[in-house]
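Report on the structure given below.
By convention here, the first residue in the shown sequence is residue 1.
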Amino acid sequence: MSEVTMLELRTRGREIVRRLKLGEKMALTYRGERVGFLTPDPKSENAPIPADDPLHAFVAMAEPMGALTNEEMDQFLYGEEAHLC
C-alpha cells in the first residue's frame, strides 16, 4: 500500500482521485505519522470487483469444466432472455 502525505493530497488531488478510481488503496500521513486510509468506494461504478467476490470463481463453473452451461450462466448474470455472442 502506498502512502500519501497531506501535502501531496493538496497539491496532487486529481491524480490521487484517479488512482482511487483505479482501485488503489493508500495510507494518508500527516507530519510523518499515519493518520488514516484512502480507499475506493466499493459502490462506485469504477470500483474493481473485490478479490473475495464469488464472481471471480464463476468461470470455474462454466462448461466443460463445471456444472453450469454457458446459457445458464448468461441467464443468471443477465436475465432470462439474455444471449451474448
Side-chain angles (χ1 to χ4, degrees):
M1 177 181 305
S2 60
E3 290 190 350
V4 175
T5 67
M6 281 298 298
L7 177 61
E8 290 173 319
L9 185 59
R10 286 195 305 266
T11 60
R12 297 176 29 218
R14 287 181 188 210
E15 177 191 341
I16 292 167
V17 168
R18 180 187 59 76
R19 289 166 51 191
L20 284 168
K21 285 183 173 184
L22 293 173
E24 186 175 342
K25 297 177 184 178
M26 296 167 257
L28 180 63
T29 62
Y30 179 71
R31 296 186 176 181
E33 180 183 342
R34 188 176 278 186
V35 294
F37 297 95
L38 301 172
T39 60
D41 181 353
K43 295 183 181 180
S44 167
E45 65 183 50
N46 298 317
I49 298 172
D52 62 347
D53 191 296
L55 188 58
H56 288 295
F58 206 62
V59 172
M61 291 185 268
E63 58 184 7
M65 295 178 272
L68 298 178
T69 66
N70 291 334
E71 290 78 19
E72 289 170 330
M73 290 175 65
D74 287 349
Q75 184 177 0
F76 176 79
L77 289 172
Y78 304 110
E80 267 186 54
E81 297 300 319
H83 296 282
L84 301 178
C85 298

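Note on F37: it does not cluster hydrophobically with V35, by side-chain heavy-atom contacts below 4.5 Å among ILVMFWY residues. Under the 4.5 Å side-chain heavy-atom criterion for grouping Ile, Leu, Val, Met, Phe, Trp and Tyr, Y30 is not connected to L7 through any hydrophobic cluster. Tracing side-chain contacts under 4.5 Å through hydrophobic residues (I, L, V, M, F, W, Y), one never reaches V17 starting from M26; they form parts of separate clusters.
Side-chain contact between P40 and E24 is absent, with no heavy-atom pair separated by less than 4.5 Å.
When all heavy atoms are compared, the tightest approach of L9 to I16 is CA-CD1, 3.6 Å. Taking both residues in full, the closest heavy atoms of E8 and E3 are given as OE1-O, 3.9 Å, listed atom of the first, atom of the second, then distance. Across all their heavy atoms, K25 and M1 have their closest contact at O-CG, 3.4 Å.
From T5, atom OG1 reaches atom CD of E33 across 14.0 Å, with rounding to the nearest 0.5 Å.
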